[in-house]
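Notes to accompany the following structure.
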2 protein chains.
Amino acid sequence: MKKLEHHECKSALLPVRDTLDIIGGKWKILILISIWEGNKHFREIERSIPKLSTKVLSSELKDMEANQLITRTVINGFPVRTEYEATAYSETLKSVIAELHSWGVNHRKKILGQ
Amino acid sequence: MKKLEHHECKSALLPVRDTLDIIGGKWKILILISIWEGNKHFREIERSIPKLSTKVLSSELKDMEANQLITRTVINGFPVRTEYEATAYSETLKSVIAELHSWGVNHRKKILGQ
DNA sequence: CCGCATCCGAGTGGATACTG
DNA sequence: CAGTATCCACTCGGATGCGG
């Protein structure tokens, strides 16, 4: 993708903020990765991420469902079980995460090597 | 850059979080863009970004200086003036921002088109 | 097992005033 | 002009308990 020029930055802001709102929190990427790794159930996801409370997990999952990164399926029976799964669409975030990762690796090298 | 595979995600997390910490706040990208657009002085930057208080601006600028995205130069005289400038290094964020932007544009299209 | 409701403390961020 | 200090409202998020 081409680089943004300075004069284009202002108009670029809203979508940038949208994206940051969606993946920028403290937990969303962790949760997404946990699901990518195969965790499907609420407690499974909770246990896979230290320090994450049920309240926060619950609200994060709702956001992510609204943004179509995951699906939520209730399986009737007793006890009730719920399955969360990553959507194909969520895969499109991988290039974004890859870019964040790449910059972060380089930045860490730069800051520490001084 | 190649896509991340699932099993690589865990090790990818720290650098991703680093990057999000650096640009993920509510203001940092706005401030960076304001400086890219030519605003150099504290009050100039403040006035260019609605709702941004001096306290927050002050602390954000410190973070950004620590991360070498900007430089701070005090010009003696009276009244004292200070110049903030974006570093060449800060330009490396443009591809990250471009990726966030591109995903955000597409996401907005997807969400609204329903 | 799933996940919401409630309570509550800590931290964030806004407004304003003030110093150098 | 540049930035800090203070006060305060508000939000966030942790702990816990409960209902389905």
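Treat the numbers as computed from the prediction; the structure is a model and nothing was measured. A, B, ... follow the sequence lines: proteins, then strands. Residue 1 opens every chain.
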Would you say a side-chain N or O of Y84(B) is under 4.0 Å from OP1 or OP2 of dG3(D)?
-> yes

Should K62(B) be listed as having a side-chain N or O under 4.0 Å from OP1 or OP2 of dT4(D)?
-> yes

Contact under 4.0 Å: T82(A) side-chain N or O vs dC1(C) OP1/OP2 = no

E46(B) CD to dC1(D) P: how many Å, rounded?
-> 10 Å

Closer than 4.0 Å, any side-chain N/O of R72(A) to the OP1 or OP2 of dG3(C)?
-> yes

W103(A) and S95(B): side chain donor to acceptor below 3.5 Å | no

Integer-rounded Å distance: dG3(C) P and R47(A) CZ = 13 Å

Answer yes if the side chains of T73(A) and E85(A) hold a donor-acceptor pair under 3.5 Å, and no otherwise.
-> no

How is R43(A) classified with respect to the nucleic acid when contacts are heavy atoms under 4.0 Å: base, sugar-phosphate, or nothing?
-> base

Spell out, as yes or no, whether a donor-acceptor pair under 3.5 Å connects the side chain of T87(B) to the backbone of L69(B).
-> yes

Under 4.0 angstrom between H41(A) side-chain N/O and dC1(C) OP1 or OP2 | no

Nearest whole angstrom, please: distance from the P of dT4(D) to the CD of E60(B).
-> 13 Å

Any T54(A) side-chain nitrogen or oxygen under 4.0 Å from OP1 or OP2 of dC2(C) = no

For the pair H101(A) (side chain) and L13(B) (backbone), establish whether a donor and an acceptor sit closer than 3.5 Å, ignoring hydrogens and angles.
-> no

Nearest-Å distance, CG (L57(A)) to C1' (dC1(C))?
-> 13 Å

Quickly work out the K55(B) NZ to dA17(C) P distance and round it to whole Å.
-> 15 Å

V56(A) side chain: which of dA2(D), dG13(D), dC1(D) is closest?
-> dG13(D)

5'-most by nearest nucleotide on DNA chain D - W27(A) or F78(A) | W27(A)

K28(B) has an atom NZ; how far is it from atom C1' of dT12(C), in whole Å?
-> 13 Å

If you measure from the Lys or Arg side-chain nitrogens to the Asp or Glu carboxylate oxygens, is any gap between K62(A) and E65(A) under 4.0 Å?
-> no

Nearest nucleotide by nearest heavy atom, which residue falls closer to the 5' end of DNA chain C, P79(A) or S59(A)?
-> P79(A)

Let me know the distance between NZ of K26(A) and C1' of dC12(D), rounded to the nearest Å.
-> 10 Å

Let me know the distance between CD1 of I70(A) and C1' of dC2(C), rounded to the nearest Å.
-> 14 Å

